[in-house]
Number of protein chains: 2
Amino acid sequence: MQFSILANVKRIIIWYGLALAILVFLLKFLEYRYIVRDLSLEFYLGVIAVLFTTVGIWLGLKLTRKKVITISAPQPSPPDTIFQLDEQILQQKGISKREYKVLELMAKGHSNQEIADKLFVSLNTIKTHTSNLFIKLEAKRRTQAIERAKQLRLLP
Amino acid sequence: MQFSILANVKRIIIWYGLALAILVFLLKFLEYRYIVRDLSLEFYLGVIAVLFTTVGIWLGLKLTRKKVITISAPQPSPPDTIFQLDEQILQQKGISKREYKVLELMAKGHSNQEIADKLFVSLNTIKTHTSNLFIKLEAKRRTQAIERAKQLRLLP
DNA sequence: AAACCCTTCACCCGAAAGTATGATTTGCAT
DNA sequence: ATGCAAATCATACTTTCGGGTGAAGGGTTT
């Protein structure tokens with residue numbers, strides 16, 4: 001929500017006053033022409049109340065529109081710019097193909113065991129790869145390695 | 001979190017009618033006692049209008065706060081690179097401010113201890129936050145939580 | 001006042017991650 | 001063939017994570 005609230009308030013007040021004036025005029029007009037005394041004060045009050053409650057609700061909604069939630073809006077993830085791997089940096093950092101594969105799976109949130117299963121190697125092998133990755137990416141943790149890799153355009 | 005809308009509406013209507021009745025009574029009473037014809041119809045209308053606009057705004061706020069009304073607003077997500085946090089999803093997932101702060105620092109590659117130091121709280125507190133985050137993001141690991149959060153547009 | 005959420009913190013325990021070191025095999029280049 | 005990097009695996013050990021549970025205080029809503 002990026003618009004001036006103050007600017008809008010002024011307009012709202014103007015509209016508010018205008019609506020009120022028109023309404024009063026309309027009622028006066030009707031009162032002395034057609035309906036006259038058939039309708040009691042209670043009726044008028046009711047009409048006004050309902051009308052302005054509606055206005056109020058509308059205002060309330062408008063003012064807090066940002067808080068309205070969406071029930072189902074699954075983001076179809078990346079409509080982003082097409083990711084282009086920077087292989088130069090890959091070579092520059094001395095990251096091998098296998099290590100990069102591990103890095104990818106790591107970034108997807110897989111555990112070492114899951115990566116091992118996916119690549120049909122042992123857990124220890126993955127540990128070795130990750131350890132080497134951390135050294136080459138100057139990271140202490142996998143989350144740090146992932147962040148580093150994204151900054152280096154090694155990951156989308 | 002869903003709850004009975006109908007039950008609330010019934011109560012609101014009752015209160016609404018009651019307030020209206022009381023107001024009418026009050027006005028009638030005043031009309032024939034003290035103020036009488038000094039005040040014009042316009043004045044009454046104005047008072048009623050303002051009053052019920054207030055009620056309306058209050059209602060609007062209450063309704064939106066309770067998330068009863070849902071208006072889907074699927075944003076097309078402009079091709080620019082500026083990250084726009086999707087607060088709707090944040091609320092939808094029930095992620096608190098503190099939890100989000102932790103999530104941010106987590107995504108930057110910090111350990112729980114580092115996050116604790118940065119936020120001046122204990123390690124155990126961060127552990128609680130992360131645990132709750134994993135539940136809310138349906139993740140088993142921090143790397144998975146980060147990946148999930150990025151897909152949900154909660155993180156750049 | 002009661003119910004509820006957020007934030008904070010604690011303790012325990014098991015699982016996963018990370019460190020260090022060493023070994024074997026394979027493919028590729030000198 | 002020799003040397004070397006890559007890939008594989010192992011053992012042992014430390015650190016970090018994560019799950020489960022409980023609880024206290026502050027704030028808001030009912």
Side-chain angles (χ1 to χ4, degrees), chain A residues 67 90-103 105-148, chain B residues 1-5 7-12 14-15 58-59 61-68 90-103 105-148:
Chain A
K67 289 193 195 291
L90 213 59
Q91 275 189 279
Q92 187 190 323
K93 294 284 178 185
I95 295 173
S96 69
K97 286 176 201 119
R98 205 56 166 168
E99 283 164 352
Y100 182 71
K101 195 87 199 76
V102 171
L103 178 60
L105 293 172
M106 213 163 70
K108 283 185 183 171
H110 295 294
S111 69
N112 283 341
Q113 187 58 66
E114 287 172 350
I115 297 172
D117 293 343
K118 265 186 199 297
L119 299 182
F120 302 106
V121 294
S122 85
L123 173 61
N124 286 312
T125 302
I126 302 302
K127 283 189 173 188
T128 304
H129 287 325
T130 53
S131 280
N132 290 331
L133 272 170
F134 297 155
I135 293 169
K136 292 170 183 175
L137 289 173
E138 297 153 281
K140 285 190 175 62
R141 284 166 284 283
R142 47 179 47 215
T143 48
Q144 210 172 53
I146 293 166
E147 176 66 12
R148 269 300 273 135
Chain B
M1 56 174 128
Q2 63 253 51
F3 50 87
S4 170
I5 297 174
N8 266 24
V9 168
K10 229 186 284 181
R11 220 175 48 208
I12 286 172
I14 290 173
W15 276 107
W58 178 78
L59 270 178
L61 286 174
K62 192 178 179 65
L63 288 176
T64 49
R65 196 176 51 232
K66 288 296 182 181
K67 298 167 193 166
V68 167
L90 212 59
Q91 275 189 270
Q92 189 189 329
K93 295 281 176 188
I95 296 172
S96 69
K97 285 170 209 133
R98 206 57 166 166
E99 284 164 352
Y100 182 70
K101 196 89 198 73
V102 171
L103 178 60
L105 293 172
M106 213 164 70
K108 284 184 183 171
H110 295 295
S111 69
N112 284 341
Q113 186 59 67
E114 286 173 350
I115 297 172
D117 293 343
K118 265 186 199 296
L119 299 183
F120 303 105
V121 295
S122 86
L123 173 61
N124 286 313
T125 302
I126 301 303
K127 282 188 175 188
T128 304
H129 287 324
T130 52
S131 278
N132 290 331
L133 272 171
F134 297 155
I135 293 170
K136 291 171 184 176
L137 289 173
E138 296 152 284
K140 285 189 175 62
R141 285 166 284 284
R142 45 178 50 215
T143 48
Q144 210 171 55
I146 293 167
E147 175 65 12
R148 209 65 190 92

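Order of the sequence lines fixes the chain letters, A, B, ..., with proteins taken first and strands second; residue numbering starts at 1 for each chain.
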Just call it for [X]: base, sugar-phosphate, or nothing, with non-hydrogen atoms closer than 4.0 Å on any strand.
{"X": "Thr125(A)", "answer": "base"}
{"X": "Thr128(A)", "answer": "base"}
{"X": "Ser131(A)", "answer": "base"}
{"X": "Asn124(A)", "answer": "base"}

Query raised in the report: In degrees rounded to 10°, what angle is found between the helical axes fit to the five outermost pairs at each end of the helix from dA1(C)-dT30(D) to dT30(C)-dA1(D)?
Result: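 Taking five pairs per end, the axes differ by 50°.
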Report task. Apply the side chain to side chain contact (heavy atoms under 4.5 Å, CB included) test between Leu133(A) and each candidate in Thr128(A), Ile146(A), Leu103(A); give the one that qualifies. Result ->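 Of the listed options, the one satisfying the test is Leu103(A).
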With respect to the side chain of [X], which nucleotide from [options] is positioned closest?
{"X": "Ser96(B)", "options": "dC6(C), dC17(D), dA17(C)", "result": "dC6(C)"}
{"X": "Arg141(A)", "options": "dG18(C), dA7(D), dA10(C)", "result": "dG18(C)"}
{"X": "Arg98(A)", "options": "dA7(D), dA10(D), dT7(C)", "result": "dA7(D)"}
{"X": "Arg142(A)", "options": "dA17(C), dG19(D), dT7(C)", "result": "dA17(C)"}

Can you tell me the distance, in whole Å, between the [atom1] atom of [X] and the [atom2] atom of [N]?
{"X": "Lys140(A)", "N": "dG18(C)", "atom1": "NZ", "atom2": "C1'", "result": "13 Å"}
{"X": "Gln113(B)", "N": "dG18(C)", "atom1": "CD", "atom2": "C1'", "result": "17 Å"}
{"X": "Ile126(B)", "N": "dA10(C)", "atom1": "CD1", "atom2": "P", "result": "12 Å"}
{"X": "Gln144(B)", "N": "dC17(D)", "atom1": "CD", "atom2": "C1'", "result": "14 Å"}
{"X": "Leu123(A)", "N": "dA7(D)", "atom1": "CG", "atom2": "P", "result": "18 Å"}
{"X": "Asn112(B)", "N": "dA10(C)", "atom1": "CG", "atom2": "P", "result": "15 Å"}
{"X": "Lys136(B)", "N": "dT7(C)", "atom1": "NZ", "atom2": "C1'", "result": "11 Å"}
{"X": "Lys127(A)", "N": "dT21(C)", "atom1": "NZ", "atom2": "C1'", "result": "14 Å"}

Query raised in the report: OP1 or OP2 of dT8(D) sitting under 4.0 Å from any side-chain N/O of His129(A)?
Result: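 So the side chain of His129(A) is within the cut-off, an N or O lying under 4.0 Å from OP1 or OP2 of dT8(D).
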Measuring from [X]:[atom1] to [Y]:[atom2], what's the distance to the nearest 0.5 Å?
{"X": "Glu99(B)", "Y": "Leu137(B)", "atom1": "CD", "atom2": "CG", "answer": "9.0 Å"}
{"X": "Ile115(A)", "Y": "Thr125(A)", "atom1": "CD1", "atom2": "OG1", "answer": "12.0 Å"}
{"X": "Thr143(A)", "Y": "Met106(B)", "atom1": "OG1", "atom2": "CE", "answer": "8.0 Å"}

Query raised in the report: Above 12 or not: heavy atoms from other molecules or residues under 6.0 Å from NZ of Lys108(B)?
Result: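 No, not enclosed.
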Requested in this report: Keeping the roles fixed (side chain from Gln144(B), backbone from Lys140(B)), state whether a donor-acceptor pair exists under 3.5 Å.
Outcome: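 A pair under 3.5 Å: yes.
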**Report entry** Side-chain donor or acceptor of Lys136(B) paired with backbone N/O of Gly94(B) under 3.5 Å
**Finding:**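 Judged by distance alone, yes, a pair lies under 3.5 Å.
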